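So the structure is just underneath, and the comments pick up after that.
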Amino acid sequence: MRGELKALPLSNEPNLLQEADIVFLSSPEDTLEVKKIKTARKHGGHYIISFYDVFDAETAFKYRDMVIYAKKESLPALREGAFYYHQIIGLSVVTTDGNMIGTVEEIFETGSNDVYVVKNSDREFLIPAIKDVITKIDMKEKRIIIKVMDGLLD
């Protein structure tokens with residue numbers, strides 16, 4: 001393992017980490033280090049990453065349990081109508097009738113689609129991110145418009 005790190009992606013973007021990208025590594029103690037990626041490749045459900053200044057397994061081990069962040073500006077462009085999780089989290093969710101449901105607090109993946117966890121002061125709702133439910137994601141207005149299907153908000 002000559003200085004390579006195994007990283008679990010927290011993004012659904014398959015080509016998120018690229019060679020020559022500048023990334024930030026954040027430790028559980030909130031220290032932050034800047035690194036330049038030498039190589040990055042997908043391996044199963046993980047990435048195998050090497051950095052220019054990490055040459056051996058002992059040095060690589062010190063980065064265990066750190067989170068790797070990329071600058072938003074360096075993220076690859078997505079196809080029309082696709083969004084990164086950080087763009088969705090925090091958006092308001094309203095029905096096609098204009099009723100406010102809450103705010104997207106987190107997103108989790110299922111086998112077939114993502115699910116938005118929407119919370120308001122009283123309740124939590126699990127909204128499937130499917131075309132039958134999500135009618136529009138309006139980044140300008142910072143909201144998601146949903147069509148309420150039977151049982152969705154019960």
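These figures come from a predicted structure and were not determined experimentally.
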Tell me whether L91 is reachable from V133 by hopping between hydrophobic residues (I, L, V, M, F, W, Y) whose side-chain heavy atoms are closer than 4.5 Å.
yes
Are the side chains of I107 and V117 in touch, meaning some heavy atoms are under 4.5 Å apart?
no
To check you understand the geometry: which heavy-atom pair defines the closest contact between N113 and A129, and what is its length?
ND2-N, 3.8 Å
What do you reckon, is CZ of R123 surrounded by more than 12 foreign heavy atoms closer than 6.0 Å?
yes
Should the heavy atoms of other residues, nucleotides or ligands under 6.0 Å from CZ of F24 be counted, would the total exceed 12?
yes
Rounded distance [0.5 Å steps], NE2 in H43 versus CD in E4:
10.0 Å
Check for a donor-acceptor pair, side chain of S92 on one end and backbone N or O of R143 on the other, with a separation under 3.5 Å.
no
Interatomic distance, CD@E106 vs CD1@I89, rounded to 0.5 Å, equals 7.5 Å
Report the distance from atom CD1 of I130 to atom OG1 of T110, rounding to the nearest 0.5 Å.
9.5 Å
Using side-chain contact (heavy atoms from CB on, under 4.5 Å), reason through E33 and K62 one step at a time and then give a plain yes or no.
CA-CA 12 Å; E33 290 193 42; K62 88 175 203 172; 4.0 Å; yes
Is there a path of hydrophobic side-chain contacts, each under 4.5 Å between heavy atoms of I, L, V, M, F, W or Y residues, that connects M100 with I146?
no
What I'd like to find out is whether the side chain of I68 reaches to under 4.5 Å of the side chain of Y63, using heavy atoms alone.
no
Between E29 and T31, does any side-chain donor sit less than 3.5 Å from a side-chain acceptor?
no
According to a 4.5 Å side-chain heavy-atom criterion applied to Ile, Leu, Val, Met, Phe, Trp and Tyr, with indirect links allowed, do L5 and I48 form part of one hydrophobic cluster?
no
Where I88 and Y116 come nearest, the two heavy atoms and their spacing:
CG2-CZ, 3.8 Å
Distance col, row E105:CD vs E124:CD, nearest 0.5 angstrom, shows 8.5 Å
Side chains of I134 and I127, heavy atoms from C-beta outward: is any pair under 4.5 Å?
yes
Are side-chain heavy atoms of D114 and E109 found at a separation under 4.5 Å?
yes
In the single-linkage hydrophobic clustering (I, L, V, M, F, W, Y; side-chain heavy atoms under 4.5 Å), do L32 and V67 co-cluster?
yes
Give the minimum heavy-atom separation between L126 and L152, together with the two atoms involved.
O-CD1, 3.9 Å
dist I137:CD1 -> I144:CD1 (nearest 0.5 Å) comes out at 5.0 Å
Contact summary for S50 and T39, nearest pair of heavy atoms:
OG-OG1, 2.6 Å
Between D56 (side chain only) and E58 (backbone N and O only), is there a donor and an acceptor less than 3.5 Å apart?
yes
cation_pi(K36, F51) dist<6.0 Å, angle<=45:
no
I'd like to know whether NE2 of H46 has more than 12 heavy-atom contacts from other residues, nucleotides or ligands below 6.0 angstrom.
yes
Starting at CD1 of I145, measure out to CD1 of I101 and round the result to the nearest 0.5 Å.
12.0 Å
So, does T96 use its side chain to make a donor-acceptor pair with the main chain of K147 at under 3.5 Å?
no
Student check: side-chain heavy atoms of Y47 and K42 closer than 4.5 Å
yes
Pairing of K35 and D53 as salt bridge, 4.0 angstrom limit
yes
